[in-house]
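First up is the structure itself, then whatever we jot down about it.
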Amino acid sequence: MKILKLAKENLDFFVAVLPAFGEVYAPIKRGKGFVFERPSRWSDVQMAYTRTMLPPKKLLLPPRETTFAFDPEKGYQDRLAEASKPMVLFGVHSYDIYGLNILDRVFAQAKYPDPYYIARRKNTAIIGVDFVPDDKHLASSMNADFVDSGFDLFLSDIGNDYLVLVGTSRGDDMVVMSNCLMETPAEADFEEYKKRSKLRRDSYKVHLALEDLPEILEMEYHSEVWDEMGERCLSCGSCSMVCPTCYCFDVNDEVEFGSRKGQRIRSWDSCLLRTHALVAGGENFRGERSSRVKFRYYHKQRGFVAEYGRPSCVGCGRCVDVCPAEINIISVIQSIRGERDGSASGNPASS
Ligand code: SF4
Ligand code: SF4
């Protein structure tokens, strides 16, 4: 992988080339949080942010999208041209890039590849930036605090410069188009990178042991922890909505009243919602809240490991942030492991 460096004072010149690669989205401040949006001016872009409210998944797998329209006269009209619009996602953290790599396995490398996801992914350039973890990040426990693929460029802060990893030929094109703004790093730059990399690793306040978690989950299938969480859970689905790796969706056909024209709509779903496993005839395979909460953990930390060799959690901490019942992955795993007394809820900072 090619490694270059970019002086921070040249960042504004570098980002000026990005619109040539697509519509640019970047983290900007919105209220008390951050969102990926099209910045109206570059000074709004936040290089040092904790996490965005929704992951960049929202741009590659939109919360609601029309996949095709149908009309007895015109036939079937897909929306692939719209999904192929080039985009640049600037300022993506490693765990969110990892989240997209996980979605690739589900939507691009699966038995039934999804043409809409693939079209967006192919036409989206990703520029990563490093971050300093807060008390809710658990990306290092999930092996997602560093990525070696899934991005075009990755910027790491080394003081007055960024060390730039060039991940793809599209990233290389960006470098070339920026007209020699990037230089070859010196030995001292690598030393600075290593020093800061260690500092970042040492900043994690949350450390979860995952090695034998699938086996422990197997043993704890009937644990009271699930009942306790079921009592607390409000089935709001927020934890799935903010998760970079949750990918359940619902499909509905909307037919125009009095005609046979219509469109097929895909929208995000959540296994925490009461209706998720409801089928015709009124049978609900996961009618109990405790079974729905349990399913989420078993899918991410056991089923996904068996299928793909790693959990489908990347440790972004968003579900910790949003749960109104203060159910969080950190204390749940600690409780299941028997490393915590009583409650499976609470603020990780105090755990
Ligand atoms: S389960 Fe929670 S911490 Fe893990 S990736 Fe999803 S939102 Fe982030
Ligand atoms: S965010 Fe919390 S309360 Fe809402 S569904 Fe998820 S676990 Fe339940």
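When reading the values below, keep in mind they use all heavy atoms of this one structure, side chains included, and skip hydrogens, waters and symmetry mates. Here the structure is a predicted model, which means the values were calculated and not measured. Both counts, for ligands and for their atoms, begin at 1 and track the order of listing.
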Heavy atom of the protein closest to [atom] (residue, atom name, distance):
| atom | result |
| --- | --- |
| atom 6 (Fe) of ligand 1 | Cys243 SG, 2.4 Å |
| atom 8 (Fe) of ligand 1 | Cys316 SG, 2.3 Å |
| atom 3 (S) of ligand 1 | Gly317 N, 3.3 Å |
| atom 5 (S) of ligand 1 | Val314 N, 3.3 Å |

Among Leu54, Ile28, Thr50, side chain to side chain contact (heavy atoms under 4.5 Å, CB included) partner for Phe34: Thr50
Hydrophobic cluster membership, Phe13 vs Val176, 4.5 Å side-chain cutoff: no
Sole candidate of Lys194, Lys195, Arg200, Arg201 that passes side-chain hydrogen bond (donor to acceptor under 3.5 Å, both in side chains) when paired with Ser197: Arg201
Atom NZ of Lys205 with >12 non-hydrogen neighbours under 6.0 angstrom: yes
Element-labelled atoms of ligand 1 that are located less than 4.0 Å from some non-hydrogen atom of Cys313: 1 (S), 3 (S), 4 (Fe), 5 (S)
Any side-chain donor near an acceptor of the partner, Asp145 and Tyr204, under 3.5 Å: no
Short side-chain donor-acceptor distance under 3.5 Å, Glu23 and Tyr25: yes
Side chain, backbone, both or neither: Lys300 near ligand 1, heavy atoms under 4.0 Å: side chain
Ligand 1-proximal atoms of Ser312, by part, heavy-atom distance under 4.0 Å: neither
Check: Ser335 side chain, Ser331 main-chain N or O, donor-acceptor pair, under 3.5 Å: yes
Any donor-acceptor pair under 3.5 Å from Arg337 side chain to Ala209 backbone: yes
Protein N, O or S atoms under 2.8 Å from atom 6 (Fe) of ligand 2: 1
Approximate separation, where rounding is to 0.5 Å, of Arg170 CZ and Thr124 OG1: 7.0 Å
